[in-house]
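Reading through the structure tokens given below for one structure.
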Amino acid sequence: MNLSRRELLTMFLGAPFAMAACDPRQRDTFPDGEVVGQSAGLGHVLRENRNFDIAADRWESKKVVIVGGGVAGLTAAWKFRRDNFNDFVLLELEKEVGGTARSGVGEPVPYPWGAHYLPVPFQENTELISFLDEMSLIEARDADGEVLVKEQYLCREPEERIFYKGRWYEGLYLNVGASHEDKRQFGEFQKKIDEWINWRDTSGRRAFAVPLATCSDDAEVTSLDKITFAEWLRRNGFTSERLQWYCDYATRDDYGLKLDQASAWVGLFYFCSRVRKSGVESQPFITFPEGNGRFVNHLVEKASENIRRSQMVVSITPKVDGVDVVCLDSGELRGVRCEKVIYASPLFTAPYIIRGFREDASFAANEFQHNAWFVANMFLKDRPKPRFAKDFPLAWDNVLYESPSLGYVAATHQKGIDHGPTILTYYYPMCHEENGRTKLFNYDWRQLADVCLADMARAHPDIYELTSRIDIMRWGHAMISPRPGFIWNGVREKATQPYRNIHFAHTDLSGIALFEEAFYHGLRAAKSVVS
Ligand SMILES: Cc1cc2nc3c(=O)[nH]c(=O)nc-3n(C[C@H](O)[C@H](O)[C@H](O)COP(=O)(O)OP(=O)(O)OC[C@H]3O[C@@H](n4cnc5c(N)ncnc54)[C@H](O)[C@@H]3O)c2cc1C
């Protein structure tokens, strides 16, 4: 997009900041890099309305085809292999599997391209626990039966810090400079959260739990889905700017939506679903340098023979006795005849790929709306120098209070490598703009790298000299948007039912994008297919 640098920075980082950041000297040293990943080809191929007829010798037969190799598809494949079922193939569009949880290989450590942590599951989530056990992450159980994960896999201290007016402070809630009223409101907010943590319906279900399928559907809770989180805060008298920032950070971080775009139900889900009972800490985070890429690699290892990369599924035709799946493999069409399909791709794509779905839809696929993000991996020769001796030190998650980005995660942190080269992963949800996805693809590598560096430079003026390379992933359909009225409007339940012999499995089915939800739906679909 043809914009001046100042217009670009104003659009991404705000006018006051753009004025301050437009220092031409900063442009003398600019790192190398490129836009990586996501193939934009599927939309083009489908729009061409091609004929997908294939010669008889280009067909093969399998019992099951899994479409999509994100966490949901890979979990289904893992489950099949675990149950000694081998007559299936997983077809993944990209060169790399993992979807939004994939990672990159680098020096000194691997690094994430999207998802980067998993909270330790509650003891009830037995299947996820058994997966973590298979990865040898679990140490023991406590007296209440909750799992204890080995210390080296739990997020290392310091976990979070926040940059505000030139200084770094500990934690995510901005305590420094908080007024009496800010503190009072923060205390009241915690009380409200506690009430929801302790809330149970008549069947004993929690209001907010993971996986989402175990949450209560009582109207007292689901009515929270009808309003925005911003409205809920207003109704409860929470006007403190820093409390609102804290809640806005939460919805941007987990859902890619601002406070006034996300439903109150998902806002509260963020704060309540990972706390066992009031008064105890939220479940600790499991993380690795490459984030959830470690889980992806484990799933891949278990089903590697069944996984085919660079296979764009372009057509799925339900038949009386099965399903015909057609994919583009290095420009050539190939077909797989199967009995059943697990559709582990984003749900909005169903009408474009599944023949007959548009005319006879079992759910409204356009209700599954995604938002866009860009993620930048910055390769640094050395650590940014602290500006003040007493600044809070580099943490795992480093957040900039005055920025619309989410800040960055340090890949070396979990390894305890606190000196020398590092890789910082910068996250920017495109929720501040109308049509974020279209715009994202109009910006080139240089423009997005400029935004990232200019934003980082407010906390680290030496970032230009330290960064040797910056690669960028544009996630056009990064995650499902849990806007008001979506989670409990019934469309997810309908989409959970198979369409002919096609079983859906994607985190979209939960209305929120989380590893646990993708895992849950992959497993659910695998079980229903074999049954
Ligand atoms: C920036 C970012 C940060 C995140 N951070 C976290 C986090 O810290 N913790 C967490 O739990 N979650 C996080 N998430 C969400 C998490 O990544 C997802 O919920 C989860 O990994 C989704 O898995 P999935 O398999 O359902 O979907 P996807 O990851 O969307 O996978 C779908 C797969 O289908 C493939 N596909 C699509 N169309 C076709 C086709 N026609 N043919 C073949 N293949 C096709 C895609 O290429 C993709 O690999 C994050 C997401 C993003 C974008």
Side-chain angles (χ1 to χ4, degrees), residues 37-43 45-46 65-77 89-103 112-119 121 128 155 210 252-256 274 285-288 291-293 295-296 299 307-316 325-329 341-350 352-354 368 370-376 396-397 405-406 409 425-430 473-480 504-522 525:
Q38 280 219 298
S39 127
L42 179 62
V45 173
L46 296 177
V65 172
I66 301 173
V67 180
V71 169
L74 291 170
T75 301
V89 64
L90 181 154
L91 304 174
E92 165 56 44
L93 157 73
E94 302 288 347
K95 287 199 287 286
E96 306 291 337
V97 287
T100 51
R102 71 209 230 200
S103 57
W113 273 120
H116 50 282
Y117 70 91
L118 168 72
L128 184 53
C155 187
V210 179
R252 284 184 297 128
D253 187 36
D254 257 30
Y255 314 123
R274 272 76 172 261
F285 292 165
I286 303 173
T287 191
F288 311 92
N292 290 5
F295 299 128
V296 165
L299 292 167
I307 296 172
R308 296 187 197 160
R309 295 164 175 82
S310 301
Q311 309 284 316
M312 179 193 291
V313 172
V314 288
S315 158
I316 299 177
V325 178
V326 175
C327 66
L328 260 177
D329 170 3
V341 163
I342 292 184
Y343 195 84
S345 300
L347 294 193
F348 76 89
T349 60
Y352 301 98
I353 294 179
I354 303 172
F368 291 87
H370 283 218
N371 51 64
W373 289 53
F374 84 86
V375 175
W396 172 65
D397 196 7
S405 75
L406 294 168
V409 168
T425 311
Y426 172 89
Y427 291 90
Y428 191 107
M430 300 284 295
M473 176 81 79
R474 293 184 293 203
W475 290 113
H477 295 278
M479 47 173 85
I480 185 86
F504 297 97
H506 189 272
T507 190
D508 283 4
L509 289 163
S510 292
I512 52 177
L514 291 177
F515 178 90
E516 300 97 308
E517 301 297 334
F519 182 86
Y520 170 80
H521 287 292

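From a predicted model like this one, the values you see are computed outputs, not experimental measurements. Order of listing sets the numbers, starting from 1, for every ligand and every atom in it.
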Ile353-ligand 1 polar pair, N/O distance under 3.5 Å: no

Residue part near ligand 1, for Phe515, under 4.0 Å between non-hydrogen atoms: both

Option with minimal heavy-atom separation from atom 42 (N) of ligand 1, where the choices are Leu118, Leu90, Val313, Val375: Val313

Backbone or side-chain N or O of Ala72 under 3.5 Å from ligand 1 N or O: yes

Nitrogen or oxygen of Glu92 less than 3.5 angstrom from that of ligand 1: yes

Nitrogen or oxygen atoms of Val67 and ligand 1 under 3.5 Å apart: no

Val314 contact mode with ligand 1 (heavy-atom cut-off under 4.0 Å): neither

Close N or O approach (Trp373, ligand 1; < 3.5 Å): no

Ion pair Arg102/Glu92, N-O distance below 4.0 Å: no

Minimum-distance pair of heavy atoms, taken over all atoms of Ala101 and Val296: O-CG2, 3.6 Å

Trp113-ligand 1 polar pair, N/O distance under 3.5 Å: no

Spatial distance of atom CZ (Phe368) from atom OG1 (Thr349) [nearest 0.5 Å]: 11.0 Å

Under 3.5 Å side-chain donor-acceptor pair for His521 and Ser510: yes

Heteroatom distance test (Tyr427, ligand 1): nitrogen or oxygen, under 3.5 angstrom: no

Nitrogen or oxygen atoms of Thr100 and ligand 1 under 3.5 Å apart: yes

Reference residue Ser405; test side chain to side chain contact (heavy atoms under 4.5 Å, CB included); the match among Tyr428, Phe374, Tyr427: Tyr428

Leu514 near ligand 1 by a heavy-atom separation under 4.0 Å: yes

Test side-chain hydrogen bond (donor to acceptor under 3.5 Å, both in side chains) applied to Tyr255 - qualifying residues, sequence neighbours left out: none

By salt bridge (charged side-chain N to carboxylate O under 4.0 Å, His left out) - contacts of Glu96 (at least two apart): none

Close N or O approach (Leu93, ligand 1; < 3.5 Å): yes

Per atom 6 (C) of ligand 1, closest listed option by heavy atom (Gly98, Ala101, Ala115): Ala115

Nearest-option assignment for atom 26 (O) of ligand 1, heavy atoms, candidates Asp508, Ile316, Thr507: Thr507

Ala478 N/O to ligand 1 N/O under 3.5 Å: no

Min heavy-atom dist Arg102 to ligand 1 below 4.0 Å: no

